[in-house]
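We name chains A, B, ... by the order of the sequence lines, and we start the count at 1 in each one. Values in this document were obtained by computation on a predicted structure and should not be read as measured data.
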There are 2 protein chains.
Amino acid sequence: MDGPHETHDAERYPRFTVTIEIVILTIRDDVLAVGLARRGEWPYEGMWGLPGGLVRADLDASLDRAAQRELIEETFLKLYPHASPGYARHLHLEQLKTYWGPGRDPRPGLQVATVAYLAVAPHLPALVAAGDAAAVRWIPVEDVLDERVALAFDHSRIVADGVERARAKLEYTALATALVPPEFTVAELRRVYEIVWGVPLDKRNFHRKATHRDGFLEPTGRTTTRGRGRPAQLYRHNGHEAVHHLSVHPHHRP
Amino acid sequence: MDGPHETHDAERYPRFTVTIEIVILTIRDDVLAVGLARRGEWPYEGMWGLPGGLVRADLDASLDRAAQRELIEETFLKLYPHASPGYARHLHLEQLKTYWGPGRDPRPGLQVATVAYLAVAPHLPALVAAGDAAAVRWIPVEDVLDERVALAFDHSRIVADGVERARAKLEYTALATALVPPEFTVAELRRVYEIVWGVPLDKRNFHRKATHRDGFLEPTGRTTTRGRGRPAQLYRHNGHEAVHHLSVHPHHRP
DNA sequence: CGAATAGTGTCTCTTAGACACTATGTC
DNA sequence: GACATAGTGTCTAAGAGACACTATTCG
């Protein structure tokens, strides 16, 4: 069999098109949602699919950079036309998985390998100038996973893989803080876990664990009066990524 | 800026070579070791690097299949010339990460994207016909991570990523059972954790946790007399992948 | 019998999770 | 004061980890 580097003759190397696709998740109207783009052309014209684009050797210094460029240009600015691109530069973004195989893309003669990235964004105020014609839009992941909304290519599976990764990483990393504004209350953070996992969590136990676990939350000293009750303390994430076992699962009852 | 699917004109798509590379780990002589291949040609001729090869649309039905083909043909059969290829078909094999970027490969005009896979194999008896000229060889990961053995391309980083993944997955999956023969004793399994993590584990606590955790070990009823002392029970992994918190970490002492 | 390893039992301390009350703001 | 939400305290049971002894084989 051919080794990867057996000859310098470029003609012997099969050639692939490499694309980046972004699974961007947020919480919107109390459900987990994924940012999808409506396809404007064949194949799968008119269907929803993951936003993305080509990896370009002339533009991109790395896969991560290519993903960041797609995230900003193709996704974030279309969801939030008035937001600053700098904001998107601080979103959580990690490589998810690479997909390839005959039949993924129906275009003849085209071998497309797709490097999927997982992005996670806080719920930002308003997607201006929405309307049905919006090119990029939030769609509840439940609709995608239950196949109520069919996606182009194999994008449903990629979304499923992204959601699975996000659910898992909630448990042992500080990923939840990426789904919430830079300063947030304990209740807002708890709602993230409840929505992503789909389970109710005890308010008091969560508060104890979230605030006592060191290397996780840092009080800002300020409070908020967003809600109707007693003002809540504002916290920020203090930078450490690993937060072992913040999980809150019910005991078994015989 | 270009979307991935904006035109059907294949000429507009930059072309990449896609390779698979395998980080195969095992335990050998009581240390974690990685299977490396000696490069026979430019670039990095004579250096050690990850075994791998081209993804070929005419041969491979998926990335996973391509990785399995490389694992068997380029790696396993060269490490164990007398082993049956069927054995390799049951090794643990999972996609690790994709690497690309200018400067990864010095060959001009070549854009190589590499999909790295992590494989994990039990320690098999003998690598026949070894000798220094062996094309593929086990090298302790410690030597690679400490840069005592420099690898071709960015393969040192890929090995580091693979080892990190393996260490993490020991904690919450049954990955350890892939580093041990199909039937194994509790002590053999414990040694896997101790070697991969580099920490001593309490024999008694480990035994209790490993055997009581359901969905993990299944007694075969048979015993072994491999060692010098009392014969040990043989277990096999019962198929469940998720094993939450088998970790055994020392308490903090003030 | 001694050496070597396998396997079991007990105690303690940490902590997850169940649960109820007080505190502080708005209307 | 009514209401809503924030935040704290206590109890219990599960389990992790420290630790010592018995069991079974070989020489």
Side-chain angles (χ1 to χ4, degrees), chain A residues 30 170-172 176 180-181 183-194 197 199-236 243-254, chain B residues 30 170-172 180-181 183-194 197 199-236 242-254:
Chain A
D30 279 331
L170 271 197
E171 191 145 0
Y172 59 95
V180 115
E183 299 199 345
F184 52 88
T185 70
V186 175
E188 289 166 348
L189 189 66
R190 176 166 48 85
R191 228 155 282 143
V192 168
Y193 286 85
E194 292 180 327
W197 284 343
V199 295
L201 299 180
D202 185 272
K203 186 181 70 152
R204 300 154 287 188
N205 291 335
F206 183 88
H207 192 281
R208 165 167 42 89
K209 292 212 278 185
T211 53
H212 285 40
R213 175 80 68 253
D214 39 54
F216 188 32
L217 298 190
E218 190 173 80
T220 65
R222 312 195 310 126
T223 61
T224 182
T225 319
R226 289 203 266 268
R228 280 173 311 194
R230 170 176 167 181
Q233 300 245 49
L234 283 172
Y235 293 85
R236 77 171 72 85
V243 180
H244 281 290
H245 248 236
L246 195 76
S247 64
V248 188
H249 293 305
H251 267 155
H252 293 293
R253 287 279 156 206
Chain B
D30 279 333
L170 271 199
E171 191 144 1
Y172 60 95
V180 115
E183 300 199 347
F184 51 86
T185 69
V186 176
E188 289 167 348
L189 190 65
R190 176 166 49 85
R191 227 155 280 145
V192 168
Y193 286 86
E194 292 180 329
W197 283 343
V199 294
L201 299 179
D202 185 273
K203 186 180 71 152
R204 300 154 287 186
N205 291 335
F206 183 88
H207 192 280
R208 166 166 40 91
K209 293 213 276 186
T211 53
H212 285 40
R213 175 81 66 251
D214 37 55
F216 187 33
L217 297 191
E218 190 173 79
T220 64
R222 312 196 309 125
T223 60
T224 183
T225 320
R226 288 201 267 270
R228 281 173 309 194
R230 171 177 168 180
Q233 301 245 49
L234 284 172
Y235 293 85
R236 78 171 72 84
V243 179
H244 280 291
H245 247 236
L246 195 78
S247 63
V248 187
H249 293 303
H251 268 154
H252 292 294
R253 286 281 155 202

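- Between the CZ atom of A:Arg213 and the C1' atom of C:dT14 there is a distance of 12 Å, given to the nearest Å.
- Between A:Arg190 atom CZ and D:dG7 atom P the separation is 10 Å, expressed in whole Å.
- Considering only the side chain of A:Ala232, D:dA6 comes nearest among D:dA6, D:dA4, C:dA6.
- In this structure, CG of A:Asp202 is placed 14 Å from P of D:dA6, rounded to the nearest angstrom.
- A distance of 10.5 Å separates OG1 in B:Thr185 from CD in B:Gln233, rounded to the nearest 0.5 Å.
- Rounded to an integer number of Å, the gap from CG of B:Asp214 to P of D:dG15 is 10 Å.
- Protein atom CG of A:Leu217 is 11 Å distant from nucleotide atom P of D:dG7, rounded to whole Å.
- An OP1 or OP2 oxygen of C:dT8 is reached within less than 4.0 angstrom by a side-chain nitrogen or oxygen of B:His207.
- Across the protein-nucleic acid pair, B:Lys209 atom NZ and D:dA18 atom P stand 10 Å apart, rounded to whole Å.
- Taking the nucleotide of DNA chain C with the nearest heavy atom to each of B:Arg191 and B:Arg208, the more 5' of the two is matched to B:Arg191.
- Atoms CD and CZ, from B:Glu194 and B:Arg190 in turn, are 5.0 Å apart once rounded to the nearest 0.5 Å.
- Among the nucleotides C:dG7, C:dG17, C:dT5, the one closest to the side chain of B:Gln233 is C:dG7.
- In this structure, CG of B:Leu189 is placed 15 Å from C1' of C:dG7, rounded to the nearest angstrom.
- Take the nearest nucleotide of DNA chain D for B:Pro231 and for B:Lys203: the residue whose nucleotide is more 5' is B:Lys203.
- Here the side chain of A:His212 pairs a donor or acceptor atom with the backbone of A:Arg208 at under 3.5 angstrom.
- Note that the CG atom of A:Leu217 and the NZ atom of A:Lys209 stand 13.0 Å from one another [nearest 0.5 Å].
- Two residues are said to be in side-chain contact when any heavy atoms from C-beta on lie closer than 4.5 Å; B:Thr211 and B:Tyr235 meet this criterion.
- Between the base of D:dA20 and the side chain of B:Arg204 there is a donor-acceptor pair shorter than 3.5 Å.
- Put simply, CZ on B:Phe206 is 17 Å from P on D:dG15, counting in whole angstrom units.
- For A:Arg230 and C:dA23, a side-chain-to-base donor-acceptor distance below 3.5 Å is present, hydrogens and geometry of angles not being considered.
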